[in-house]
Amino acid sequence: MNIPSKFDSEASEDKWYSYWIHNDYFHSEPDHRTPYTIVIPPPNVTGILHMGHMLNNTIQDVLIRRARMKGLNACWVPGTDHASIATEAKVVQRLKEQGIEKSDLTREAFLGHAWSWTHEHGGIILEQLKKLGCSCDWKRTKFTMDPDLSESVIRVFISLYEKGKIYRGHRMVNWDPEAQTTLSDEEVIYEERQGNLYYLQYTVVNSNEKITIATTRPETILGDTAVAVHPKDERFNHLHGKKVIVPIVGREIPIITDPYVDIEFGTGCLKITPAHDENDKAIGEKHGLEIIDIFNANATLNSFGLHYEGKDRFVVRKEITKELSEKGYLVKKEPHLHKVGTSERTKAVIEPRLSDQWFLKMKELAQPALEAVLDSDEIQLFPKKFNNTYRHWMENIRDWNISRQLWWGHQIPAYYYGDGNNDFVVAASAEEALQKAIEKTKNASLQLSDLRQDPDTLDTWFSSWLWPISVFDGIRFPDNEEINYYYPTNDLVTGPDIIFFWVARMIISGYEFRDEKPFSNVYLTGLVRDKQGRKMSKQLGNSPDALGLIKEFGADGVRVGLLLSAAAGNDLLFDESLCQQGKNFSNKIWNATRLIQGWEVSEDAHQPLYSKQGLEWYEAKFQSTLVEIEDHFSKYRISDALMAIYKLVWDDFCSWLLEIVKPPYGSPIDRISYQKAVYYLEQNLKLLHPFMPFLTEEIWQFLEQRTPDKALIVSQWPEMKKFDKTLLKNFETSVSLVANIRSIRKEKNVSFKEALSLVCLGDSYAIPNLEIVQKLGNIDTVTFVNEKPSKAVSFRVDAFEFFIPMTVGDVTEELEKIQEELKYAKGFLTSVQKKLSNERFVSGAPEKVVAVEKQKEADALAKIATLEASLESLKS
RNA sequence: GGGCGAUUAGCUCAGUUGGUUUAGAGCACUUGGUUUACACCCAAGGGGUCGGGGGUUCGAAUCCCUCAUCGCCCACCA
């Protein structure tokens, strides 16, 4: 069969992807083999593929394909996450566009809309992953709101509640006024913003004295219930126990003393608003202050806002500043840089708000997870520097606010039967809840209709933290075959941005629910940035269209482009030229195949010595590279592994081996060399396959002569064998000779077509791979002499001198070249001798090191002698 | 405010516990190339006082101190 002259990536991608699917190569079932498992970081169900996903999933695919070829039972579980806030926000948005408010809908009706949105957009991203070539076990696709996974979440909630780990608390939480829900601490991003520090005067009751407080949020004075000063701040001693009047509101509030106040900051007087600041709340509790909440859920002011009622907090900030100024309360306003908490999802400014929420106690749960990473090394993070980040978070872990005021998600299985703080039970169903409620209250007359389920849902991460367990149904059936076989999984590939959200919590849940780690290694990728180092974002429009790239450069090209410069944990500055490089590489491999395929094989032809030498060398080269590659993989240095293969294929295989083996024009190739060339091409394809699955499968299937494996995807990864290192060393000498000859051709303008002679000084020097040198240098005769030829250009390899006879008009150039070499050699010798003449080096350094230095000295001396002799003969 | 990590060729990065050439790779660059796989190519080249300063050592890109710049994470200073 003839191979087409161009590689058609698009056609190949569709063809081989369907072929793999059709043959069920991605599917895994427990068997006698050792499992190798990866669970995908589930993307948002309605999300679309971006560069981060591409990088992340390419790495996973490389790992899983390689594992598959190594004979492991490779299982990559795909799936999606319901992403409560993000999805609910999108659905609310869409409804708004249709003129429907969420508040107009019943919970059931809203969920109906959310599900249809999910069905409409859900899974698009999984289809996109297929375009990339991801070999996920699609039959195992999971969604965090699948019935089995949902049931697992509810069970876990109940079990933690029963263990006393989950409690309901009235706390200051992070309120997102846009999504109108609370957020966990991790979902709040602090941004530095330019604001103002407002200095406001409060009049002391029954006095003309005024005190000045400083605040960044003048609108919150409406909720002030005290002014605090430091007990040791003598400026305010006379005011202890007095009261002041809050401007505009006219409320009298006490002056209290608390060491929390920083004497140095602002005026040393701090207004206390317990409803809207966590510290103020603490001080308020300590001093028994009144709590006045001035905001509605959407951060407009409520009736405590007086004439500002109904207006947004930021509008009020402006307007109240004006009023305060007009009425003379505002002393001054100065610019002030401070951090503002914003919502990770909606970007809205977070409002600290007091409310009843569900919390998970973390301190004890975190302990085994902390030890697994930092003490026992049961779980390793790559790169290791993230251990510190991990430690810091785990050691300072705070209780996790797991309730969200959303409808899209897992509804909290708590059922209220009364209005008291404790009038609820936690149960898997309403019926069960009724039983429990009756037992608890001893009130047999309770009806289902008396129960009211908590309207809140659980934080999305409260379901994804179970992912490695729940996808194998290990929560509901802790002893099932699948969980026992696939768990713990092997590698997790994700971004460092979700190390707390997800990675740490999965480790926690793994130990809590399975008493075992969820995975052994965590590969943390970097962020994909644009060429200028900016984060890729929709607003900047600097995020390339993922599928467009695949179309332009081929999935293989894009994969290679992404991986070439993606060291673990390092951000990747993405540039399309990287994909171009990947595409060029595809082209190179394709053409190498075409070359080999085009050879005519002769059964009679003898194998030339150069082919034999070349193939023997390549065997050694391949093996030494394989060692290197395995080492890179073991350290998760994926890009280094790829680069090693890239050089092996491009330089060693194409530029050297194929040029060596290539038969002269018009001649056929001998059978042995041909078979070996094809064999090594196949070996190369195996190494390449995890990185470039489509191209390699296409070529593999083209080759007539094949190893017994049917498809490359399930072929066997090359075995490591012993190899002869001297072959490599000798070949380097040959390479050096060839390079020198080529260099001389270029300098002297001698065409490659013109054969040259090579003269070697000395009679017994065995030039390694002489036949190869002759072929690649186009050398017709080689002679050994004891006298330097008079008309020739020279070069030196190791300590030996070679000549290429030719009429040299001007010896100046030759002289300069030798002098240059001499200068270098002498400089080198000096540095070596400096070391050797140092008494303390000779006595202090290890013997081996000294011996090496002595050898260097001897070599340099020999080379200098040669060069000087050459100079002499040229000058004479 | 605290912690962590970086700083090596024009760009992106290697450089393993200090010692194999006077520091490497890929890309880019320069020069030459219509040889019968590939110009998405071939060949040959140029390019770095390893951020600055100080120290330890026989020997430092590598260890210590210090300064500078950048990045990330964490933290309740109004």
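In what follows, chains carry the letters A, B, and so on, assigned in the order in which the sequence lines appear, proteins first and then strands, with residues in each chain numbered from 1.
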- Shortest non-hydrogen contact between A/N778 and A/F752, atoms and distance: ND2-O, 2.6 Å
Give each protein N/O atom lying under 3.5 Å from an N/O atom of nucleotides 70-74 of chain B, with the pair distance.
{"from": "B/C74", "atom 1": "O2'", "to": "A/H392", "atom 2": "ND1", "distance (Å)": "3.4"}

- Message: Can you tell me if A/S655 touches the phosphate of B/A43, counting only side-chain N or O atoms and a distance under 4.0 Å to OP1 or OP2?
- Response: yes
- OP1 or OP2 of B/C40 less than 4.0 angstrom from a side-chain nitrogen or oxygen of A/W590, does that happen here? no
- Message: Quick check for you: among B/C4, B/G26, B/C38, whose closest atom lies nearest to any side-chain atom of A/Q581?
- Response: B/G26
Return all side-chain donor-acceptor pairs below 3.5 angstrom for residues 577-589 of chain A, not counting sequence neighbours, or 'none' if the list is empty.
{"from": "A/S577", "atom 1": "OG", "to": "A/D575", "atom 2": "OD2", "distance (Å)": "2.9"}
{"from": "A/Q580", "atom 1": "NE2", "to": "A/N584", "atom 2": "OD1", "distance (Å)": "2.9"}
{"from": "A/Q581", "atom 1": "NE2", "to": "A/Y646", "atom 2": "OH", "distance (Å)": "3.3"}
{"from": "A/S586", "atom 1": "OG", "to": "A/G582", "atom 2": "O", "distance (Å)": "3.2"}
{"from": "A/N587", "atom 1": "OD1", "to": "A/N591", "atom 2": "ND2", "distance (Å)": "3.2"}

- Describe the nucleic acid contact of A/V261 in one word from base, sugar-phosphate, nothing, applying a heavy-atom distance below 4.0 Å. base
- Item | Closest to side chain of A/R637, choosing from B/G45, B/A78, B/A14 | B/A14
- Query: What nucleotide among B/A44, B/A78, B/C42 has an atom nearest to a side-chain atom of A/T215?
  - Reply: B/A78
- Watson-Crick or G-U pairs under 3.5 Å in RNA chain B, rendered as dot-bracket with [ ] for crossing pairs and | for another strand: (((((((..((((.....[....)))).(((((.......))))).....(((((..]....))))))))))))....
- Let me know, please, whether A/L337 or A/K6 comes out on the 5' side of the other along RNA chain B by nearest nucleotide. A/K6
- Tell me which nucleotide among B/C40, B/A37, B/G5 gets nearest to the side chain of A/K385. B/G5
- To the side chain of A/K856, which of B/A37, B/U20, B/G26 is closest? B/U20
- Note on the structure: Of B/A37, B/A78, B/G26, the nucleotide closest to the side chain of A/D651 is B/G26
- Quick one: is B/C27 close enough that its OP1 or OP2 comes under 4.0 Å of any side-chain N or O from A/N584? no
- Listed nucleotide nearest any side-chain atom of A/L270, set B/A25, B/A78, B/A43: B/A78
- Under 6.0 Å from the CD atom of A/E264, do we count more than 12 heavy atoms belonging to anything else shown? no
- In whole angstrom, what separates A/L573's CG from B/U12's P? 6 Å
- When you measure from the side chain of A/Y260, which nucleotide among B/A78, B/G26, B/C41 comes out closest? B/A78
- Message: Under 3.5 Å, is there a donor on one side chain and an acceptor on the other for A/Y198 and A/E334?
- Response: no
- Please give, in whole Å, the distance from B/A37 P to A/I660 CD1? 16 Å
